[in-house]
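Atom set for the values below is all heavy atoms of this structure, side chains included, hydrogens, waters and symmetry mates excluded. Everything quoted here is computed from the prediction, not taken from an experiment.
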Amino acid sequence: MDKLKDLYLWFDKNRDRIIEGHENKFVLLANDTVIDYYPNMEAALTGAQKNNFKVGSFLIQRCITKEDDTLVYHNMAVTFG
């Protein structure tokens, strides 16, 4: 689980560079590296399978700003809280 946390922290630190030009796409990350960008979550999961990534060794993030990410999280927390 720490691997995913570290990968998210790397994504968050490099978010602006990673999402530039790829807004609203989904990025597949592994080993502190951008593997590829996809139009939706399903395609990103397929990309992870094709790369033979095991659960817990990769991260898929939507390419949105930190401000938008916070709004989405807050909305989900209220909706499902």
**Q** Are any of the side-chain nitrogens in D6 or K3 under 4.0 Å away from the carboxylate oxygens of its partner?
**A**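 Result for this pair is no, no salt bridge flagged.
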**Q** Look at the side-chain heavy atoms of Ile, Leu, Val, Met, Phe, Trp and Tyr, link any pair under 4.5 Å apart, and say whether L29 and Y37 land in one connected group.
**A**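 Yes: a chain of side-chain contacts under 4.5 Å links L29 to Y37.
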**Q** Give me the atom names and distance for the closest heavy-atom approach of R15 to K66.
**A**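 That closest heavy-atom pairing would be CD-N, 3.5 Å.
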**Q** Is it true that M41 and F58 fall in one hydrophobic cluster, defined by side-chain heavy atoms closer than 4.5 Å?
**A**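 M41 and F58: one cluster.
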**Q** With rounding to the nearest 0.5 angstrom, report the CG to NZ distance, L28 to K50.
**A**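 Going from the CG atom of L28 to the NZ atom of K50 covers 12.0 Å.
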**Q** To the closest 0.5 Å, what do you measure between CD1 (I60) and CZ (F11)?
**A**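 If I round to the nearest 0.5 Å, the distance is 12.0 Å.
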**Q** Determine, step by step, whether N14 and V34 satisfy the side-chain contact (heavy atoms from CB on, under 4.5 Å) criterion, reporting the C-alpha distance in whole Å, the side-chain angles of both residues, the deciding distance to 0.1 Å, and the verdict.
**A** CA-CA 10 Å; N14 296 285; V34 171; over 6 Å; no
**Q** I'd like to know if V27 and L59 are part of one continuous hydrophobic network [Ile/Leu/Val/Met/Phe/Trp/Tyr, side-chain heavy atoms within less than 4.5 Å].
**A**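 Cluster IDs for L59 and V27 match.
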**Q** Given the rule that I, L, V, M, F, W and Y join up when any side-chain heavy atoms are under 4.5 Å apart, are L4 and Y8 in one cluster?
**A**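 They do not share one cluster, since no chain of ILVMFWY contacts under 4.5 Å joins L4 to Y8.
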**Q** What are the two closest non-hydrogen atoms of Y38 and G47, and how far apart are they?
**A**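 Nearest pair, atom of Y38 first, then G47: OH-CA, 3.4 Å.
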**Q** Are F26 and L45 packed together at the side-chain level, in the sense that at least one heavy-atom pair is separated by less than 4.5 angstrom?
**A**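 With C-beta onward as the side chain, the pair stays apart.
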**Q** Given 3.5 Å as the limit, does a donor-acceptor pair link the side chain of N51 with the main chain of F53, or not?
**A**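 A pair under 3.5 Å: no.
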**Q** Which atom pair, heavy atoms only, marks the closest approach of S57 to A30?
**A**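 S57 and A30 have their closest heavy atoms at O-CB, 3.8 Å.
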**Q** Nearest 0.5 Å, what's the CG-NZ distance between D12 and K5?
**A**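 Rounded to the nearest 0.5 Å, the CG-NZ separation comes out at 12.5 Å.
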**Q** Same hydrophobic cluster for L7 and I18, using side-chain heavy-atom links shorter than 4.5 Å among ILVMFWY?
**A**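 The answer is yes; both residues are in one hydrophobic cluster.
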**Q** Are R62 and N24 close enough, and set up right, to give a side-chain contact (heavy atoms from CB on, under 4.5 Å), and what steps lead you there?
**A** CA-CA 6 Å; R62 189 167 177 200; N24 291 311; 3.1 Å; yes
